[in-house]
Amino acid sequence: MQPIAVIDFETTGLSPAMGDRATEVAIVLVEGDQVVDRFQSLMNAGVRISAFIEAYTGISNAMIAAAPSAQAVMAEASRFVGDAPMVAHNASFDRRFWAAELQRVGHEAKQPFACTMLLSRRLYPQAPNHKLGSLASFHRLPSSGRAHRALADAEMAAALLGQIQSDLRCRFGVAQPGHDLLMSLQACARHAVPAAIKRYLG
DNA sequence: TGCCAGGCCCTCTTTAGGGCCTT
């Protein structure tokens, strides 16, 4: 069974195109329902962290100063992920930083991304909202540490992915929901989810 | 407690605008 790499970045802001950089990355490897490996590291990209971001993430300039270089961390993260397809919550955000930080070390971001936020909007329209923490509460998923730190959020996203896969099995009878089904579902409008499942099952 | 961007999606729409979500 091919593992899925669930990733979460902490960063200095919202846009690598505006000069924002990653400050921490965490990746959780999932096979079926099981977390089989974890990678987490702060990273020093040589940029200052604003007071707002420090309060938001708990990651300080002192912590970053003592961290390994962004180049070394991203090279190791790239090796850790390999060719595994990837998942993130609001994946458009993490995909941009994944691509931007890898480009700086000469690596290509070739992995496909599925998004637990888009999938949750399709599968759980009754949820109060689709923030990661809210969905974790909605599903009563276990807490795994301080919110807005990379490993805790990656673990939470992995647990949400497990919930999604479990619900696909129960609601639609899909035996082994894989990354290809997740990609298919997130590309469909909300009302077309059953049709997407039907196409997936052939 | 916020701004920056970008993709998705809803609706008072489609010749557009704005909310959500990520840090």
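Chain letters run A, B, ... following the sequence lines, proteins first and then strands; every chain starts at 1. What you are looking at is a predicted structure, and each value in this text was computed from that prediction instead of being measured.
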Q: Check every atom of B:dC4, B:dG6, B:dC20 against the side chain of A:Leu14 and return the nucleotide holding the closest atom.
A: B:dC4
Q. Rounding to a whole Å, what distance do you find between A:Phe97:CZ and B:dG7:P?
A. 14 Å
(Q) Distance check needed: B:dA5 C1' versus A:Asn90 CG, whole Å only. (A) 11 Å
(Q) Pick the closest DNA chain B nucleotide for A:Asp153 and for A:Ala17 by heavy atoms, then say which residue is nearer the 5' end. (A) A:Ala17
Q. Quantified in whole Å, what is the P atom distance between nucleotide B:dT13 and nucleotide B:dC8?
A. 22 Å
Q) Between the side chains of A:His130 and A:Ser120, is a donor N or O closer than 3.5 angstrom to an acceptor N or O? A) no
Q: Using the C1' atoms only, state how far B:dT22 lies from B:dC3, rounded to an integer number of Å.
A: 14 Å
Q.
Output the rounded distance in Å from OH (A:Tyr56) to P (B:dC3).
A. 13 Å
Q) If you check every side-chain atom of A:Asp20, which of B:dT22, B:dT23, B:dC4 has the closest atom? A) B:dC4
Q) Taking atom C1' of B:dA5 as reference, at what distance in whole Å does atom CH2 of A:Trp98 sit? A) 21 Å
Q.
So if I take residues 129-139 of chain A and measure heavy-atom distances to DNA chain B, which residues fall below 4.0 Å?
A. A:Asn129, A:His130, A:Lys131, A:Leu132
**Q.** Donor-acceptor pair between A:Thr57 and A:His148 side chains, under 3.5 angstrom
**A.** no
Q: Consider the side chain of A:Thr57, meaning its heavy atoms from C-beta on, and name the nucleotide among B:dC8, B:dT23, B:dG6 that approaches it most closely.
A: B:dT23
Q. Do A:Asn129 and A:Ser134 get their side chains close enough for a donor-acceptor pair, meaning under 3.5 Å?
A. yes
Q | Residues clustered with A:Leu118, ILVMFWY side-chain links under 4.5 angstrom | A | A:Met117
Q) Mind checking the P distance from B:dC20 to B:dT15? Whole angstroms is fine. A) 25 Å
Q. Quantified in whole Å, what is the C1' atom distance between nucleotide B:dT14 and nucleotide B:dG18?
A. 15 Å
**Q.** A:Phe138: partners by ring-ring contact (aromatic ring centres under 6.0 Å, His included), with sequence neighbours left out
**A.** none
Q. Under 4.0 Å between a Lys/Arg side-chain N and an Asp/Glu carboxylate O for A:Asp20 and A:Arg96?
A. no
**Q.** Same-atom distance (P) from B:dG17 to B:dT23, integer angstrom
**A.** 29 Å
Q: For nucleotides B:dC12 and B:dG7, find the distance between their C1' atoms and express it as a whole number of Å.
A: 23 Å
**Q.** Any A:Met183 side-chain heavy atom under 4.5 Å of A:Phe113 side chain
**A.** no
Q: Quickly work out the A:Leu118 CG to B:dC8 P distance and round it to whole Å.
A: 7 Å
(Q) Nearest to the A:His89 side chain among B:dG6, B:dC20, B:dT22, which nucleotide is it? (A) B:dT22
Q | Check: A:Arg149 and A:Ile59 side chains under 4.5 Å, non-hydrogen atoms | A | yes
Q. Closer to the 5' end of DNA chain B via nearest nucleotide, is it A:Arg96 or A:Ala55?
A. A:Ala55
Q.
Closest approach to the side chain of A:Met117, judged atom by atom: which nucleotide of B:dG7, B:dG6, B:dT23 is it?
A. B:dG7
Q) Between B:dT23, B:dG6, B:dC4, which nucleotide gets closest to the side-chain atoms of A:Ser92? A) B:dG6
Q) How long is the line joining CD of A:Glu10 and P of B:dC21, in whole Å? A) 17 Å
Q: Send over the distance from A:Arg121 CZ to B:dG19 P, rounded to a whole Å.
A: 14 Å
Q: Starting from P on B:dC20, measure out to CD on A:Gln186 and report it in whole angstrom.
A: 21 Å
